[in-house]
Amino acid sequence: MLNERPVIEVRHARKSYGAVEVLRDVSLKVRKGEIVAIIGPSGSGKSTLLRAINNLDPLTGGEVWLEDTQVNEALPPRRYEAHINRVRQDIGMVFQHFNLFPHLSVRGNITLAPMMLKGIGRKEADELAEQQLARVGLSDRVDFMPSQLSGGQKQRVAIARALAMKPKVMLFDEATSALDPELVEEVNLVMKQLAEEHMTMIIVTHEMGFAQDVCDRVLFMDRGLVVEQGPPDVVFRQPRHERTRAFLRKHLQLRD
Amino acid sequence: MGFDFAVVVPYLGSLFQGAVWTVIVTCAGGALSLAGGVVFAVAALYAPWPVRWGIKGFLWLFRGTPLLLQLFLIYFGLVEIGIDLDAFAAGILGLGLHYATYNADVIQAGILAVDRGQMEAGRTLGLSQGQTLRKIIVPQALRDMAPPLGNNMIALLKDSALVSVIGVAELTLSAQLAISQTFRPFEFYATAGVFYYVINLGLEAILGRIERRTQVAR
Ligand SMILES: Nc1ncnc2c1ncn2[C@@H]1O[C@H](COP(=O)(O)OP(=O)(O)O)[C@@H](O)[C@H]1O
Ligand SMILES: [Mg+2]
């Protein structure tokens with residue numbers, strides 16, 4: 001176990017937009033089954049880091065590894081395409097604004113990619129959709145269109161869609177930020193349940209309570225750097241850095 | 001001497017025959033214009049730059065010149081390089097390509113209007129750019145663009161009269177043939193007008209149905 005390769009490893013990640021450095025030497029290892037929260041003020045580079053992990057926003061320096069595959073390996077365009085499409089099947093991602101496919105039913109949203117990429121038939125794909133919907137508690141919504149769902153339900157379908165690819169890791173970018181407060185809990189519950197199933201997860205969140213309850217480790221980022229990281233009890237109760245303290249003061253106050 | 005529509009009656013059969021050809025040319029040309037529109041739109045947006053600029057030049061040329069000229073070019077001109085299309089094929093090709101350029105415009109705008117997150121969601125699942133375009137982006141673009149594309153189809157139906165000049169025996173040419181025998185232009189052109197109007201009503205009913213469907217599905 002101890003010398004097993006991390007599921008995700010980011011080494012010395014750098015990213016700049018022109019002269020603006022958004023990530024400045026960020027490194028991160030996530031072991032199998034580990035749940036890591038990334039917190040920090042808006043604009044600190046949390047999304048950029050997460051989106052670098054599946055190369056949606058390529059880094060300008062550093063490496064990203066998924067087990068023993070380098071995600072951002074420099075390859076000629078043709079080979080890169082094939083490579084990245086294969087790698088991304090193993091990395092589930094959930095967005096703040098769900099990004100469900102509005103022209104497809106819930107079933108269609110979930111079955112599209114497995115049918116196109118894993119060569120499975122209609123029947124098997126439908127069973128897969130039913131399994132994943134049961135996992136997020138939406139078995140009765142399989143024939144609905146996304147527009148007929150609440151925000152919380154949409155996000156749970158988005159999670160089911162990602163899970164249907166049987167990913168090795170799940171990335172969440174503020175999955176509950178766009179939701180009405182009363183819909184946050186149902187999504188959090190699904191994520192908690194994934195945690196109990198030992199799904200490897202990296203969760204960008206502004207919900208300190210959730211990070212504290214669910215995650216094994218918390219990273220605090222500020223201005224493109226990981227300022228502090230450790231178990232939630234340590235980071236939240238005894239933060240070592242003044243910037244972390246200031247951020248937590250602000251955010252724990254906002255919570256009631 | 002006044003109008004006498006009784007003269008039309010013996011020719012109703014051949015006018016009807018012409019109307020059938022008008023419908024066929026419109027459907028075939030329309031299908032070609034939609035398929036071509038999607039291909040041109042995607043190529044103009046995503047193809048490697050030499051192809052992209054080639055397509056853009058072609059679109060610009062085809063939009064900027066008269067359909068009538070293009071029909072002559074395809075039917076009479078291509079023979080010189082050994083491409084001898086029959087009038088029917090040349091008419092469908094001309095109409096289809098001409099309207100493909102208009103549709104390409106509409107579809108390009110539609111693709112650009114689809115939320116960026118849709119491409120990201122597709123790519124994140126492991127779909128290629130082409131797969132994401134085909135299954136996720138283009139269907140949404142077509143759905144949102146159903147009304148303007150429908151308008152193009154109606155314009156195409158009316159412009160299908162132009163293929164009469166290269167000898168496709170559609171509605172307008174059928175009317176002209178009858179006129180050459182009876183010397184009654186008003187009666188026959190007016191009757192052809194009624195036929196066009198009825199076809200148009202049918203087309204609008206179908207388009208209305210498609211639009212309602214796509215509205216419900218969002
Ligand atoms: N496409 C872009 N072009 C220029 N700057 C960008 C772009 N995307 C993000 N940024 C900048 O990068 C910084 C980090 O952004 P982001 O990773 O989204 O932060 P966070 O998710 O922590 O709020 C911000 O200052 C943002 O303005
Ligand atoms: Mg963000």
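Proteins come first, then strands; the chains are lettered A, B, ... in the order of their sequence lines, and each starts at number 1. Note: hydrogens, waters and symmetry copies are ignored here, and every other heavy atom, side chains too, is used.
Remark: B:Phe16 CZ is loosely packed, at most 12 non-hydrogen atoms of other residues, nucleotides or ligands lying under 6.0 Å away. In A:Lys15, the NZ atom is crowded: over 12 heavy atoms of neighbouring residues, nucleotides or ligands sit closer than 6.0 Å. In this structure, B:Glu80 places its CD atom where only 12 or fewer heavy-atom neighbours from other residues, nucleotides or ligands lie under 6.0 Å away. Counting non-hydrogen atoms of neighbouring residues, nucleotides and ligands closer than 6.0 angstrom, the NZ atom of A:Lys29 reaches no more than 12 such neighbours.
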Inset, instruction - Given side-chain contact (heavy atoms from CB on, under 4.5 Å), test A:Met93 with B:Glu120 step by step and report yes or no. - result: CA-CA 10 Å; A:Met93 186 163 202; B:Glu120 289 187 351; over 6 Å; no
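Between the CZ atom in A:Arg88 and the CG atom in B:Leu125 there is a gap of 10.5 Å [rounded to 0.5 Å]. For the atom pair NE2 of A:His97 and CG of B:Asp115, the computed distance is 8.5 Å after rounding to the nearest 0.5 Å.
Between the side chain of A:His103 and the backbone N or O of B:Lys135 there is at least one donor-acceptor pair closer than 3.5 Å. B:Gln140 places no side-chain N or O within 3.5 Å of a backbone atom of A:Phe101 that could act as its donor or acceptor partner. A:Asn99 places no side-chain N or O within donor-acceptor distance of the main-chain N or O of B:Ala121, the cut-off being under 3.5 Å.
B:Gln131 has its side chain within reach of A:Leu117: a pair of non-hydrogen atoms, C-beta onward, lies under 4.5 Å apart.
Per-residue heavy-atom pair counts under 4.5 Å with chain B were compared for A:Asp90, A:Asn55, A:Leu100, A:Ile91, and the maximum is reached by A:Leu100.
Looking at every heavy atom in both residues, B:Thr124 comes nearest to A:Asn54 through CG2-ND2, 3.7 Å. When all heavy atoms of A:Glu81 and B:Gln129 are compared, the closest pair comes out as OE1-N, 4.3 Å. In plain terms, the two heavy atoms of B:Gly126 and A:Gln89 that are nearest each other are CA-CG, 4.1 Å.
Interface remark: A:Arg51 contributes side-chain atoms only to the contact with chain B (heavy atom separation under 4.5 Å).
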